[in-house]
Amino acid sequence: MGSKKGRTMVEVGADGVAVITIINPPVNSLSLDVLQSLKESFDEALQRDDVKAIVVAGANGKFSGGFDISAFGGIEQGAVQQPKPGYVSVEVLTDTIEAARKPSVAAIDGLALGGGLEVAMVGTQRLPRLVGLAKSLEMMLTSKPVKGEEALGLGLVDAVVSSHELVNAARQWALDILARRKPWVATLYKTDKIEPLGEARQILNFARAQTRKRAPNLKHPLVCIDVIEEGIVNGPKPALYKEVEAFQGLLKSDTSKSLIHIFFAQRGTSKVPGITDRGLVPRKVKKVAILGGGLMGSGIATALLLSNYTVILKEVNEKFLEAGIGRVKANLGSQVKKGQMTREKLEKTMSLLRGVLDFESFRDVDMVIEAVIENVSLKQQIFADLEKYCPPHCILASNTSTIDLNLIGKRTKSQDRIIGAHFFSPAHIMPLLEIVRTEHTSPQIIVDLLDVGKKIKKTPIIVGNCTGFAVNRMFFPYTQAGLFLVERGTDVYRIDRAITKFGMPMGPFRLADLVGFGVAIATGSQFIENFPERTYKSMLIPIMQEDKRAGESTRKGFYLYDNKRKASPDPELKMYIEKARSISGVAVDPKFVKLSEKDIVEMIFFPVVNEACRVFAEGIAVKASDIDIAAVMGMGFPPYRGGLMFWADSLGSKYIYSRLEEWSNLYGGFFKPCAFLAERAAKGAPLRIVMVYLGMARILESVQFPTLLDSIGSAFFPPNLDSRTRVHHWRWENQDYKTALIAVLGDGH
């Protein structure tokens, strides 16, 4: 396919088998180039007299990681021509590959996910016919992959062999089909694993009911079930065409746009202007020390151990140390119970962990992560000690969720090595890692921690140093807005139901119970102290804590909890609400008692959007897309809504501003729109502009922008950026300038 990135290659052996290899690093994704090349390679193999049979394989130990998502974005933006409907599923897979007069075998090495499995099966209607209806629904609706041995047992693959034997075994299998020693089956027409129609419809209807319950806001899982039913009722060919039609509609949906945005936003978090474009190479981190074996420290230790880091866990006494090591072992033990780790692997992993009570073992560590309680003076003393004991190259990281890193490192001379490594609980499970830099943090230290984050399978985002950093800061109004509504008469449980129906894993009050009231009060006080003009001060949680309610840990909070930690409403809650209401001097407002779900969602989330705008405008987050990823991975914001800023832009800055302004006039500063939001609303402009630092200057100079950096283009950039980081857009009509701006802005604008 010439100079195009994705392609296939045909090699014909002396045995007459053509091996078609998919080549599109790093995971051989199925771009439109690859699919076109695959068809051309098949056509070539079918026309050649020296080819008896065909094997399809993937380069570099991977069959295919699935369809190339960038093609969706390219089609949406008009940069890539959309293939005619049915090109992939009908013309390439069914009419070319499956209908071929020469047998073909897929040699799957490593992975065959999504579209990769479809190529291996030769299409999308085949899975129910290969593994049965119930299992195919589970695989499609949960996207849960299966391993080789299970795939063999299900009938999804015909044999499992070692990697070095794979292609030769596939060649022989193809020749055996040709010689009729193996069956030549068109799987599209297999019916032996499909239940009778009445039973099949029962299974499908059950799947629909479960899907509506688990994903009430999503359409595409139901469409998936519909096209499977079409294949069972009317046959596979009509189902393929129904699938083509349904796909065209889904591709243009808001959900599709949102998920595509999240896909690329996640992959863009590790690209930081002025840091990752300097050519710095991450240094090797082999040994990591953790201070504190509590819930967070043990979780961080677990995450590191699972990626084969040597870990030293320090505590203040034997009792705490034993408890910390016990937590790590319990974390790993849960993986054994789930079948994700063997008992032998657990013991081997635990051998990488060493518990200590002093700093002597810190003299050769490459990184330290402090994970003690949120106490400024304690952390200052710890970092002063670390400077004495750790080698000069050692990264000095804190897992603090709110405290200013400059304050933590105040007693040291190593502020260039101090960085935030803010994990989310449980640290070995939650995917986000906030990497917090100060104005003193060395770019090398940031690059090193980015590398560690990737190796422990986290999605890292780089954020600036402020109270709460990105996630906790922008979400501090989440619970406060809920308290505001409750004190005015909105039911606690109705709020949580509305927010979970919107797509959050839990509402603000169930979340407060999970986190614990002690943590909620401690972090809340930080925001009240630093942002007094825009915090809502309610005494509801402190009143409940005084009465020995601390949330889920005490089995009483906003909810009651049984032995299995199942939550149920508490009728006694009204008493505490009335007491808090009297302290605040607030009366029940009938309007809030009957507040609609839409208004609940907006009054909870618009203050969060407002704070996210401040986080962005102040440069705490590098890109708006980083805020989207922070919201999705740090707080569980529904990815099918595209993240916080993406969702906000779907509503419009004018609308959000007008509602916040209205509430601000009625209820005060908690709702007051920030200057950035006001500016964007006045222009009718989206919130998701891209902040670009001095790295932009180099891009712009490369296309020879005359006097560009002396101008100010406020249409694209926040008001706090200096003229060297703004772009003048008066020469937009020039194609060179336009190309550069697209390359730089590249966030959907």
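Please read these numbers as outputs of a predicted model, since none were measured by experiment.
In the displayed structure, Gln248 atom CD is contacted under 6.0 Å by more than 12 heavy atoms of other residues, nucleotides or ligands.
Between Arg208 and Glu229 there is a salt bridge, with a side-chain nitrogen of the basic residue lying less than 4.0 Å from a carboxylate oxygen of the acidic one. Using a cutoff of 4.0 Å between basic side-chain nitrogens and carboxylate oxygens, Asp628 and Lys623 are not scored as salt-bridged. Using a cutoff of 4.0 Å between basic side-chain nitrogens and carboxylate oxygens, Glu118 and Arg126 are not scored as salt-bridged. With salt bridges taken as basic N to acidic carboxylate O contacts below 4.0 Å, one links Glu150 and Lys135. Salt-bridge annotation for Arg494 and Asp496: absent, with no side-chain N of the basic residue lying under 4.0 Å from a carboxylate O of the acidic one. Checked for salt-bridge contact, Arg497 and Glu597 miss the test: no charged N lies under 4.0 Å from a carboxylate O.
Checked against the 6.0 Å centroid threshold, Phe263 and His261 do not count as a close aromatic pair. Centroid-to-centroid, the aromatic rings of Phe558 and Tyr493 stay 6.0 Å apart or farther.
Taking the side chain as every heavy atom from C-beta outward, Thr94 and Lys237 approach each other to under 4.5 Å. For the pair Asp226 and Leu204, the minimum side-chain heavy-atom distance is 4.5 Å or more. Side-chain atoms of Leu240 and Leu188, non-hydrogen and from C-beta on, do get closer than 4.5 Å to each other.
In this model, a donor atom of one side chain and an acceptor atom of the other lie less than 3.5 Å apart for Tyr561 and Asp513. When only modelled atom types and interatomic distance are considered, Glu165 and Ser162 share a side-chain donor-acceptor pair under 3.5 Å.
For the pair Arg641 and Phe502, the cation-pi test (distance below 6.0 Å, angle within 45°) is passed.
Side-chain N or O atoms of Ser256 include one that pairs as donor or acceptor with a backbone N or O of Leu251 at under 3.5 Å.
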Which is it for Thr302 and Asn331 under the side chain to side chain donor-acceptor pair (under 3.5 Å) test, yes or no, and what are the steps along the way?
CA-CA 7 Å; Thr302 305; Asn331 290 341; 3.0 Å; yes
